[in-house]
> 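Structure below; questions to follow.
Source: prediction; values computed, not measured.
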Amino acid sequence: MRNSRMSLLGACVFVFGSVLIAAEFQESVEKDMQFLEGSFTMVSSEKKGEKAPENVVKSALITNKNGVHSVKVGEDSFGGTHKIDPTKKPKEIDSTDTSGEFKGKTYLGIYKIEKDVWTVCFAPPGKERPKAFSTKSGTGEFIHVWKKK
């Protein structure tokens with residue numbers, strides 16, 4: 001009898017703990033998704049360790065709404081969806097293009113939010129998620145820094 005009570009207690013603790021973890025995860029996702037809602041202008045962009053030209057940076061705008069984004073850089077535009085996991089260290093983001101040149105491609109990345117700045121670092125499609133915010137030559141990784149409008 002005692003063993004079955006202990007088993008029941010253990011199961012209850014496990015279920016309760018799982019519910020708390022799920023609630024904390026959802027709260028973290030909602031908080032970061034809320035920050036990502038709206039428009040951002042590009043502050044900087046880097047690929048292969050090289051900065052993007054200033055005219056490209058100044059012309060870039062991203063708008064996010066409910067996990068769907070649209071990006072405009074000069075005359076080019078594309079859109080897609082993103083999923084985030086703010087509980088990972090660093091925080092993780094998966095972005096899948098639904099239009100544009102890379103339609104159907106998924107980029108694995110990491111992100112951070114500092115005040116009103118959102119920084120993302122992505123690997124090219126098919127490559128492993130970056131572990132750090134860097135763009136060494138030969139990796140194909142790129143970093144975009146966005147400021148909330």
> Does a side-chain heavy-atom distance below 4.5 Å link Thr63 with Lys72?
no
> If Ile, Leu, Val, Met, Phe, Trp and Tyr residues are connected whenever their side-chain heavy atoms lie under 4.5 Å apart, and connections chain through other members, are Val68 and Val71 in the same group?
no
> Hydrophobic clusters here meaning ILVMFWY residues chained together by side-chain heavy-atom distances under 4.5 Å, can you tell me if Val117 and Ile143 are in one?
yes
> How about Glu141 and Lys47: do any of their side-chain heavy atoms sit closer than 4.5 Å?
no
> For the residue pair Thr98 and Gly80, what are the closest heavy atoms and their distance?
OG1-CA, 3.4 Å
> When rounded to the nearest 0.5 angstrom, what is the spacing between CD in Gln34 and CD in Glu30?
8.5 Å
> Between NZ of Lys91 and CD1 of Ile110, what distance do you get to the nearest 0.5 Å?
12.0 Å
> In Å, rounded to the nearest 0.5 Å, how long is the span from OG of Ser45 to CH2 of Trp146?
8.0 Å
> In this structure, would Phe102 and Met42 fall into the same cluster of hydrophobic residues linked by side-chain contacts under 4.5 Å?
yes
> So how far is it from Ser77 OG to Glu101 CD, rounded to the nearest 0.5 Å?
12.0 Å
> Side-chain contact, heavy-atom cut-off 4.5 Å: Trp118 with Phe35?
yes
> State, yes or no, whether a side-chain contact exists between Leu36 and His82 at a heavy-atom distance under 4.5 Å.
yes
> May I ask you to test the Met33-Ile84 pair for a side-chain heavy-atom distance under 4.5 Å?
yes
> Say you draw a straight line from OG of Ser95 to NZ of Lys105; how long is it, rounded to the nearest 0.5 Å?
14.0 Å
> Do the side chains of Asn64 and His69 get nearer than 4.5 Å, heavy atoms only?
yes
> Can you tell me how far OH of Tyr111 sits from OG1 of Thr119, rounded to the nearest 0.5 angstrom?
12.0 Å
> Name the orientation class of the two ring planes belonging to Tyr107 and Phe122 (parallel below 30°, tilted from 30 to 60°, perpendicular beyond 60°).
perpendicular
> Indicate yes or no: at least one non-hydrogen side-chain atom of Lys147 is less than 4.5 angstrom from one of Lys115.
no
> For the pair Phe142 and His144, name the ring-plane relationship: parallel under 30°, tilted 30 to 60°, perpendicular over 60°.
tilted
> Do Val120 and Phe78 belong to the same hydrophobic cluster, where Ile, Leu, Val, Met, Phe, Trp and Tyr are linked whenever their side-chain heavy atoms lie under 4.5 Å apart, directly or via other members?
yes
> Donor-acceptor pair, distance only, cut-off 3.5 Å: does the side chain of Ser99 make one with the backbone of Gly79?
yes
> Under a 4.5 Å side-chain heavy-atom rule over Ile, Leu, Val, Met, Phe, Trp and Tyr, are Ile93 and Val43 clustered together?
no
> What's the shortest heavy-atom distance between Cys121 and Pro130, and which atoms?
O-CG, 3.6 Å
> Using a 4.5 Å cut-off on heavy atoms from C-beta on, say whether the side chain of Thr41 contacts that of Lys149.
yes
